[in-house]
Amino acid sequence: MTLPDERTRNVLQAGAFLRQLAASQAVPKQVRQEAYRLLRHYPTVSDIEAIAEHEERLRTLTQSAFVRPYLTSQIEPDWFRGYPLGPHRL
């Protein structure tokens, strides 16, 4: 089972990876263009934080065991250690 922090980390790392592809002159132009196109609609750090905070509020309000968070708002800077351009932000 994937935990909310693992899921959040992987989504954000995928965005950071797309940023690196889009910026790298070492990859073909077509790949850079596709990475940039995908990033235009990719969730930003702020998007992920907002979704996670909404989920956390919903769980608190409902007090239901059936409401499980999908993401976490606790984003660790260490998640981007291998990504020099950092996460996808707008």
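- The heavy-atom pair separating Pro69 from Pro4 by the smallest distance is O-CG, 3.3 Å.
- Looking only at side-chain heavy atoms (C-beta outward), Tyr42 and Val11 come within less than 4.5 Å of each other.
- Heavy atoms only, all atoms of each residue included: Ala52 and Thr72 are closest at CB-C, 3.3 Å.
- Scanning both residues, Gln20 and Gly82, for their nearest heavy atoms gives OE1-O, 3.7 Å.
- The shortest heavy-atom contact between Gly86 and Arg19 is O-NH1, 3.5 Å.
- At a cut-off of 3.5 Å, with distance as the only test, no side-chain donor of Asp5 or Thr8 sits close to an acceptor on the other residue.
- By the 4.5 Å heavy-atom criterion applied to side chains, Arg57 and Thr60 are not counted as neighbours.
- Gln13 contributes atom CD, which lies 5.5 Å from atom CG of Asn10 (distance to the nearest 0.5 angstrom).
- Using a cutoff of 4.0 Å between basic side-chain nitrogens and carboxylate oxygens, Arg59 and Glu56 are not scored as salt-bridged.
- Residues Glu55 and Tyr70 form a side-chain contact, since some pair of their non-hydrogen atoms from C-beta on lies under 4.5 Å apart.
- Here CD of Glu53 is found 11.5 Å from CD1 of Ile48. Values are rounded to the nearest 0.5 Å.
- Follow the hydrophobic side-chain contacts under 4.5 Å out from Phe17 and you reach Val27 in the same cluster.
- With contacts defined as side-chain heavy-atom distances shorter than 4.5 Å, the pair Gln33/Lys29 qualifies.
- No more than 12 heavy-atom neighbours from other residues, nucleotides or ligands sit within 6.0 angstrom of CD on Gln30.
- Glu34 is not listed as a side-chain neighbour of Val31, based on a closest heavy-atom distance of 4.5 Å or more.
- Considering only heavy atoms from C-beta on, Leu12 stays 4.5 Å or farther from Tyr83 through its side chain.
- Scanning both residues, Ala16 and Pro87, for their nearest heavy atoms gives CB-CA, 4.1 Å.
- Interatomic distance, Asp78 CG to Arg9 CZ, rounded to the nearest 0.5 Å: 10.0 Å.
- Ala35 approaches Leu18 most closely through the heavy-atom pair CB-O, 3.6 Å.
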